[in-house]
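Presented below is the structure to which this report refers.
The chains referred to below are lettered A, B, ... by the order of the sequence lines, with proteins before strands, and numbering in each begins at 1.
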Number of protein chains: 2
Amino acid sequence: MERVFQALASTPRRKILAYLAHAELSAGDIAARFDMSKPAVSQHLSVLENAGLITSEKRGQFVFYRLLPDALANVLNGYVQEVCPVSRPLKAESRALADKREDQ
Amino acid sequence: MERVFQALASTPRRKILAYLAHAELSAGDIAARFDMSKPAVSQHLSVLENAGLITSEKRGQFVFYRLLPDALANVLNGYVQEVCPVSRPLKAESRALADKREDQ
DNA sequence: AAAGAATATAAGTAATTACTTAAATAAATT
DNA sequence: AATTTATTTAAGTAATTACTTATATTCTTT
């Protein structure tokens, strides 16, 4: 959890996650969307990967990154439910909804 | 949002939020639970307050802090729904649940 | 009014983080 | 086999963050 929150505490990294929400992208595709060097983006990617939020796969010359959406949802939902009393009663019900959806 | 995620990227600050989930506490009560100086805890408290996650009220000699649970829930839920495709279909329904609950 | 208690602010330092450019590695192309 | 392309690793630096102790402020008690 520590690593997830640390990973999320950066605007460029949250932006990377938003890009990956819609599509798998190569390291270069991602770097092209930022006004910073490729090594800097590469470091952000490894922070996100070490936090378990994304995963990478090398195909030929490219390294493709994609989101691991469950990791993000689990940590954030889990945390908000632990800390916000109001959200606790919703926990069981929202999990039921999610489980139902996964079956489909 | 920037400030919220930055505030959450610290174990002592997440611990403070957890303490405040159960009760309102004075700055001293909180500081007593940590192995660090009172000014250090005071700074963590102001980071949390600037992020809009907690609020403070001076009563006599003491300053009491309490959680603003909606701020946390809104930012984290909002973010997870934006980034995690799977969670999107749940958005409307979970909001409906939350609204219903607020009416009570 | 003086002393004590609770808290915050100020100032300084150590540790961490976010970049940079340069060099290394690995795959594709000529 | 040499060159180009995609990416990462390495090394260094600037900026930020997380503490510390000392001082200031505000309230309470004597």
N or O in side chain of [X] less than 4.0 angstrom from [N] OP1/OP2:
X: Tyr65(A); N: dA6(D); result: no
X: Arg13(A); N: dA18(C); result: yes
X: Ser37(A); N: dC19(C); result: no
X: Gln43(B); N: dT17(D); result: no
X: His44(A); N: dT17(C); result: no
X: Ser42(B); N: dA8(C); result: yes

Could you state the atom-to-atom distance from [atom1] of [X] to [atom2] of [N] in whole Å?
X: Asp29(A); N: dA6(D); atom1: CG; atom2: P; answer: 10 Å
X: Phe34(B); N: dT20(D); atom1: CZ; atom2: C1'; answer: 17 Å
X: Lys58(A); N: dA28(C); atom1: NZ; atom2: P; answer: 9 Å
X: Asn50(B); N: dT17(D); atom1: CG; atom2: P; answer: 12 Å
X: Phe62(A); N: dA27(C); atom1: CZ; atom2: C1'; answer: 10 Å
X: Lys38(B); N: dT23(D); atom1: NZ; atom2: P; answer: 18 Å
X: Arg3(B); N: dT17(D); atom1: CZ; atom2: P; answer: 11 Å
X: Leu25(A); N: dA6(D); atom1: CG; atom2: P; answer: 15 Å

Do the side chain of Gln61(A) and the base of dT5(D) come within less than 3.5 angstrom through a donor-acceptor pair of N or O atoms?
yes

Taking Arg59(A) first and then Glu24(A), would you say they form a salt bridge - that is, a charged N and a carboxylate O separated by under 4.0 Å?
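Judged by the 4.0 Å cut-off on N to carboxylate O distance, Arg59(A) and Glu24(A) do form a salt bridge.
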
Which part of the nucleic acid, if any, lies within contact of Ser46(B), taking any heavy atom under 4.0 Å across all strands shown: a base, the sugar-phosphate backbone alone, or nothing?
nothing

If you look at every strand shown and take non-hydrogen atoms under 4.0 Å, does Ala27(B) touch a base, only sugar-phosphate, or nothing?
sugar-phosphate

Does Arg3(B) have more than 12 heavy atoms from other residues, nucleotides or ligands lying within 6.0 Å of its CZ?
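Atom CZ in Arg3(B) is not packed in, count stays at 12 or less.
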
same_hphob_cluster(Phe34(A), Leu17(A)) at 4.5 Å side-chain heavy-atom cutoff
yes

Mind checking whether Ile54(B) and Val47(B) sit in one hydrophobic cluster, side chains of I, L, V, M, F, W, Y counted as touching below 4.5 Å?
no

Side chain of Met36(B) only, please: which of dC27(D), dT20(D), dT20(C) is the nearest?
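That would be dT20(D).
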
Residue met sooner reading DNA chain C from 5', once Pro12(A) and Leu45(B) are mapped to nucleotides
Leu45(B)

Using the rule side-chain hydrogen bond (donor to acceptor under 3.5 Å, both in side chains), only one of Gln6(A), His44(A), Gln43(A) pairs with Arg13(A); which is it?
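Option passing the side-chain hydrogen bond (donor to acceptor under 3.5 Å, both in side chains) with Arg13(A): His44(A).
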
